[in-house]
*Asks:* 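Take a look at this one; I'll ask things after.
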Amino acid sequence: MPRQRVAILISGRGSNMDALIAATKQPDYPAEIALVLSNVPTAAGIEHARQMGIATAVVDHTTFGKDREAFERAVQAELEAHRIDIVCLAGFLRLLTPFLVRQWDGRMLNIHPALLPAFKGLDTHARALEAGAKQHGATVHFVVPEMDAGPILAQAAVPVLPDDTEATLAARVLAAEHQLYPQALRLLAAGRVTVRDGQCLVDGIPVSLPAGT
Ligand code: GAR
């Protein structure tokens with residue numbers, strides 16, 4: 001099976017992008033990073049990707065005003081031009097419309113810094129602390145039109161410690177994200193994932209998620 005051509009969509013720092021790029025350096029990894037696309041021209045991650053010799057594209061959403069679909073048509077054109085098979089959202093902070101989501105049904109992943117369905121949306125670490133959660137974590141899921149929903153492919157749980165601040169908890173979750181996303185992409189790119197009734201199966205077996213979620 002040829003290596004799957006992956007686009008990573010970012011808006012900022014790009015540390016998950018770095019983790020995915022590093023994973024694809026393994027000789028047996030079933031995917032390669034064929035494009036890094038940012039909606040923010042100054043995103044640190046896009047400069048880093050350029051330095052690593054990876055093809056990059058910037059589609060600045062601000063130039064499309066309120067026309068979200070026009071922005072997405074420009075993104076889709078880049079994805080097609082680079083013959084992309086799989087899209088990984090990695091800190092891509094734009095809500096997508098059904099237009100783009102539909103083009104990538106079953107082929108677009110997102111990573112979210114919480115154990116979904118808990119703490120959808122922003123400020124997940126502060127909200128987990130506020131709620132007194134005992135565990136927190138990260139989720140890789142297929143993208144569907146509804147935000148932070150979609151079949152869950154993989155989750156990693158981390159403990160919430162008594163003296164945690166938002167920053168210490170975020171760092172613990174981020175380290176887990178960097179392990180989780182490459183593992184999840186490996187499964188999808190290897191063709192081992194199917195979705196049945198909204199649930200992900202790997203090699204035909206429902207994925208097991210951390211207890212208590
Ligand atoms: C990551 O923690 C990712 O889970 C989160 O943004 C961060 C991006 O960091 N994504 C979301 O909150 C999406 N709702 P990175 O740019 O260093 O990968």
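Keep in mind it's a predicted model, so treat the numbers as computed, not measured. Throughout, residue positions are numbered sequentially from 1 according to the sequence presented. First listed ligand is number 1; within each ligand, the first listed atom is number 1.
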*Asks:* So Thr168 and Leu161, do their side chains get closer than 4.5 Å, heavy atoms only?
*Replies:*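 They are not in side-chain contact.
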
*Asks:* For the atom pair CG (Leu115) and NE2 (His136), what is the distance rounded to the nearest 0.5 Å?
*Replies:*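 Reported value, rounded in 0.5 Å steps: 7.0 Å.
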
*Asks:* Between Thr124 and Ala114, is there a donor-acceptor pair closer than 3.5 Å when you use the side chain of the first and the backbone of the second?
*Replies:*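 Checking the backbone N and O of Ala114 against the side chain of Thr124, no donor-acceptor pair under 3.5 Å is found.
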
*Asks:* So, does Arg102 use its side chain to make a donor-acceptor pair with the main chain of Pro145 at under 3.5 Å?
*Replies:*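 Not a single qualifying donor-acceptor pair exists.
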
*Asks:* According to side chain to side chain donor-acceptor pair (under 3.5 Å), who are the partners of Glu72, at least two apart in sequence or on a separate chain?
*Replies:*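 Glu72 satisfies side chain to side chain donor-acceptor pair (under 3.5 Å) with Thr97 only.
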
*Asks:* Who's touching ligand 1 if we go heavy atoms under 4.0 Å?
*Replies:*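 Residues near ligand 1: Arg13, Gly14, Ser15, Asn16, Gly91, Ile111, His112, Pro113, Leu174, Glu177.
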
*Asks:* With a 3.5 Å distance limit and no angle check, can you tell me whether Arg196 reaches the backbone of Leu201 through a side-chain donor-acceptor pair?
*Replies:*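 Flag not set: sc Arg196 to bb Leu201 has no pair under 3.5 Å.
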
